[in-house]
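We count ligands from 1, going down the list as the structure has it; atoms in each ligand are counted the same way. When reading the values below, keep in mind they use all heavy atoms of this one structure, side chains included, and skip hydrogens, waters and symmetry mates.
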Amino acid sequence: MLKDRKILLGVTGSIAAYKSVDLARRLMDEGASVSVVMTEAACRFITPYLFEAVTGNPVRTDLFADPYSHIELSKQSDLFIIAPATANTINKLSCGIADNLLTNLWLTYEGPALVAPAMNFRMYRSPSVKKHLKELKKNGVHFVGPGSGSLACGEEGPGRMEDIPVIVESCTYVLSEKDLAGMNILVTAGPTREPIDPVRFISNRSSGKMGYAIARSAVRRGAEVTLVSGPVNLVPPERVSLLSAETAAEMEAAVLKSLPKADCVIMAAAVADFTPREKSKVKHSKGSITALDLSQNNDILKKISKKKGDRLHIGFAAETGKDIKKAEAKLKEKKLDLIVLNDVQQEGAGFDVDTNIVTLIDSNNTITEYPLLSKDKVADIIFHKIRELKK
Ligand code: CTP
């Protein structure tokens, strides 16, 4: 997502400066080129040489080393991120004080900017920091964190620099085109669990990765996103409204609750079709049951198709075998605008992997087949199609 983007990374004098080395690496892993500028205080914590070795680019620290570096570097950059940003630097940025190379660059820079504060929680809640954070936000500066937890000084509270994957995701968010701005998208993800007794359930192998990738992509593109998630082992994307659901009935209730404001529903969840008719309050002992009496769950997509209006409905069909006819039948039966078919038996298209091989079938009967792609890329393809369908 950050391929060929030029990122200017400002590092200020906080203990969290050591984490910025990893940040530089992770940004480069995503394809970005990283140039580092450090304040004098940052150089007391960590040496420029380390950043130079990691990024392969010269590290700037001195305003007077080159007469024009405070202009040239900012003109060349797609994103200016300051991580960690101390209370002192935040206050200076807000007031326009330019007393070192980093703060000079801030004044000459005209592109998107992201700040990751790091400080003791007493500094963070001080009136001056609060005031200047507010002022910077008002001026369109993006913020990530700070996180809460144990601080380097041994105290607890808000002030830790946000975790590196979250900062990297924020960089992607800031740099992504907001082509879904104004849309409200409801995404479901993961399996459901249908209880047999307090310790056992019926479920399926869905990991939720596809649905989470869709929610992440929708957020990056500027949509307002509600994610209804079954039980999964994934960190929810930043900026989504998360509703957790365990059973198909809970998922149905969560979908119905969020439906009135949604203009697009993407059902990536693997909703269990059946549930035990009786859910025992006590654990069944060995041999006490030999069969399960099942009742059919409501089909959520079918149910909400009755009052669909202009809302777009996207379904998934995870099949054993590339069964286009079956997917087409589901598209018709559930009155979908689009169905995403994948053959779970194909290598790289099954459960719990980061890739998928999909075929998109829309309501105009256009069938498009795609090769093995990352689930992030599949999410982008789906949104490309959604934008086409909306025209
Ligand atoms: N779906 C749903 N409610 C259900 C079951 C499925 O909304 N109770 C949705 C899924 O989220 C998916 C689509 O319907 O987007 C197709 O689900 P799938 O399990 O492939 O199909 P089913 O209709 O359940 O048919 P079958 O299991 O017989 O293939």
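The residue from E333, K303, K330 that puts a heavy atom closest to atom 21 (O) of ligand 1 is K330. Of the candidates A329, A269, G315, S305, the one placing a heavy atom closest to atom 10 (C) of ligand 1 is A269.
For F316, a nitrogen or oxygen atom sits less than 3.5 Å from a nitrogen or oxygen atom of ligand 1, counting backbone and side chain alike. The shortest N/O to N/O separation between I300 and ligand 1 falls below 3.5 Å. Taking any N or O of I314, backbone or side chain, none lies under 3.5 Å from an N or O belonging to ligand 1. Considering backbone and side-chain atoms alike, M267 places an N or O below 3.5 Å from some N or O of ligand 1. In terms of polar-atom proximity, defined here as any N/O pair under 3.5 Å, K334 does make such a contact with ligand 1. The N/O atoms of D273, backbone and side chain alike, include one that comes under 3.5 Å of an N/O atom in ligand 1.
The aromatic rings of F80 and Y109 lie perpendicular to each other, with more than 60° between the two planes, well past the 30° mark.
Using a 4.0 Å threshold on non-hydrogen atoms, atom 28 (O) of ligand 1 does not count as touching the protein.
In terms of modelled atom types and a separation under 3.5 Å, the side chain of T12 and the main chain of P84 share a donor-acceptor contact.
Atoms of ligand 1 found under 4.0 Å from any heavy atom of L301, numbered from 1 in the order shown, are 2 (C), 7 (O), 9 (C), 13 (C), 14 (O), 15 (O). Taking every heavy atom of K326 and a limit of under 4.0 angstrom, the matching atoms of ligand 1 come to 29 (O).
In summary, K330 and E333 do not engage in a salt bridge, as defined by a charged side-chain N under 4.0 Å from a carboxylate O.
In this structure, K178 forms a cation-pi arrangement with Y173, its terminal cationic atom sitting closer than 6.0 Å to the ring centre and no more than 45° off the ring axis. For the pair R205 and F351, the cation does not sit on the ring face, since its NZ or CZ is not both under 6.0 Å from the ring centre and inside 45° of the axis.
Checked by atom type, the side-chain pair N91/S94 shows no donor-acceptor distance below 3.5 Å.
Residue N298 touches ligand 1 through its backbone alone, judged by heavy-atom distances below 4.0 Å.
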